[in-house]
Amino acid sequence: SAGMDLSWAPVERVSFTTGYMYERIKQNMRSRNRPRAGVGFADTLDFLDYDWVSEIEDTIHTVHANVKAVLIPKVLDFTAGANFSSAVGRINTSNPQTPSHGTASQRAAATAAPFPAFEDLLYRVDAALKYHFYKPWTATLGYVFESFEQNDFRTDTLNPFMPGAMSIWLGNDTKNYAAHMIGLTVTYRFE
């Protein structure tokens with residue numbers, strides 16, 4: 001991970017902040033295809049050239065910007081911000097050796113195939129007014145817009161129920177959404 005934040009206050013009552021974060025997660029996984037030659041567990045074939053290696057890599061870019069302004073000192077503050085995150089996941093799979101043992105269908109099943117990349121996008125914009133109406137008390141009126149988009153070949157076509165099967169697919173399949181949120185809070189600050 002590597003990131004950077006910059007702040008600037010052109011006047012005492014206004015400040016700007018912006019930043020960027022880069023994240024990269026990389027893992028390796030080694031697997032083996034073990035086809036069955038018969039009906040029993042002992043009939044499982046174990047060829048060394050049926051191995052495959054997967055390089056799993058996730059890359060995330062996040063950019064944010066914020067502004068804070070004191071409209072009336074010790075009475076009214078305004079804040080606004082925007083955030084954008086983009087994530088791309090890749091699984092690069094290959095065979096260290098070309099499968100050469102077994103039947104043609106077993107070799108085909110043991111041959112690594114490329115996977116499509118999967119992507120996530122998250123947008124967020126927020127704004128708030130803070131009214132300090134009594135020394136330890138603050139009322140905040142805020143608005144947030146958030147949008148999430150996902151393209152993932154692993155879950156895009158899954159249905160929670162498949163006709164003719166007695167299975168319900170459970171897992172992390174976050175659906176795309178866009179949300180508008182308005183909030184009003186009252187806070188007390190202990191001093």
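Treat the numbers as computed from the prediction; the structure is a model and nothing was measured. Worth knowing before you read on, the calculation uses all heavy atoms, side chains too, and leaves out hydrogens, waters and symmetry mates.
Counting only residues at least two apart or in different chains, salt bridge (Lys or Arg N to Asp or Glu O under 4.0 Å) contacts with residues 7-28 comprise Arg24-Glu57. Listed by first and then second residue, the ring pair (Phe, Tyr, Trp, His ring centres under 6.0 Å) pairs involving residues 94-113 are Phe47-His101 (not counting sequence neighbours). Screening residues 58-76 for salt bridge (Lys or Arg N to Asp or Glu O under 4.0 Å), with sequence neighbours left out, gives no hits. Residue pairs meeting the salt bridge (Lys or Arg N to Asp or Glu O under 4.0 Å) criterion with at least one member in residues 99-124, sequence neighbours excluded: Arg124-Asp126, Arg124-Glu146.
Taking the side chain as every heavy atom from C-beta outward, Ile182 and Leu141 approach each other to under 4.5 Å. Annotation: side chain of Phe118 is in contact with side chain of Ile91 (closest heavy-atom distance under 4.5 Å). Using a 4.5 Å heavy-atom threshold, the side chains of Thr62 and Leu122 count as separate.
Taking each heavy atom of Trp52 and Arg32 in turn, the nearest pair found is CZ3-C, 3.6 Å. Considering all non-hydrogen atoms of both residues, Met21 and Ser1 come closest at SD-CB, 4.3 Å. What you find for Gly102 and Tyr50 is that their closest heavy atoms are CA-OH, 3.7 Å. Nearest heavy-atom pair across Val53 and Pro96 is CG2-CG, 3.7 Å. The two atoms that bring Pro99 and Thr111 nearest to each other are CG-OG1, 3.8 Å, heavy atoms only.
Partners of Tyr123 by side-chain contact (heavy atoms from CB on, under 4.5 Å), not counting sequence neighbours, listed by chain and number: Phe84, Leu121, Ser147, Glu149. Every side-chain contact (heavy atoms from CB on, under 4.5 Å) that Thr138 has, sequence neighbours left out, goes to Lys130, His132, Thr140, Thr187.
The same ILVMFWY cluster, assembled from side-chain heavy atoms under 4.5 Å apart, contains both Val63 and Tyr22. Tyr134 and Val70 end up in different hydrophobic clusters when Ile, Leu, Val, Met, Phe, Trp and Tyr side chains are linked at under 4.5 Å. Tracing side-chain contacts under 4.5 Å through hydrophobic residues (I, L, V, M, F, W, Y), one reaches Val75 starting from Val186; they form part of the same cluster. Cluster membership check: Met29 shares its hydrophobic cluster with Phe115, using side-chain heavy-atom separations under 4.5 Å among Ile, Leu, Val, Met, Phe, Trp and Tyr.
Atom CE of Met4 has 12 or fewer heavy atoms from other residues, nucleotides or ligands within 6.0 Å. Around atom CZ of Phe133, more than 12 heavy atoms belonging to other residues, nucleotides or ligands sit under 6.0 Å away.
A distance-only check finds a donor-acceptor pair linking the side chain of Asn95 to the backbone of Ala110 [under 3.5 Å].
Summarising the geometry, atom CD belonging to Gln27 is positioned 11.0 Å from atom OG belonging to Ser54; distances are rounded to the nearest 0.5 Å. Taking NE2 of His61 as the start and OG1 of Thr59 as the end, the distance is 6.0 Å to the nearest 0.5 Å. Remark: Phe78 CZ to Leu71 CG distance equals 7.5 Å, nearest 0.5 Å. The distance from atom CG of Leu129 to atom CG of Asp77, rounded to the nearest 0.5 Å, is 9.0 Å.
Between Phe16 and Trp8, the ring planes lie parallel to each other; the angle is under 30°, not in the 30° to 60° tilted range.
With ring centers used as reference points, Tyr188 lies under 6.0 Å from Phe190.
Asn66 and Thr17 form no side-chain donor-acceptor contact under 3.5 Å, judged by distance and modelled atom types alone. At a cut-off of 3.5 Å, with distance as the only test, no side-chain donor of Tyr20 or His64 sits close to an acceptor on the other residue.
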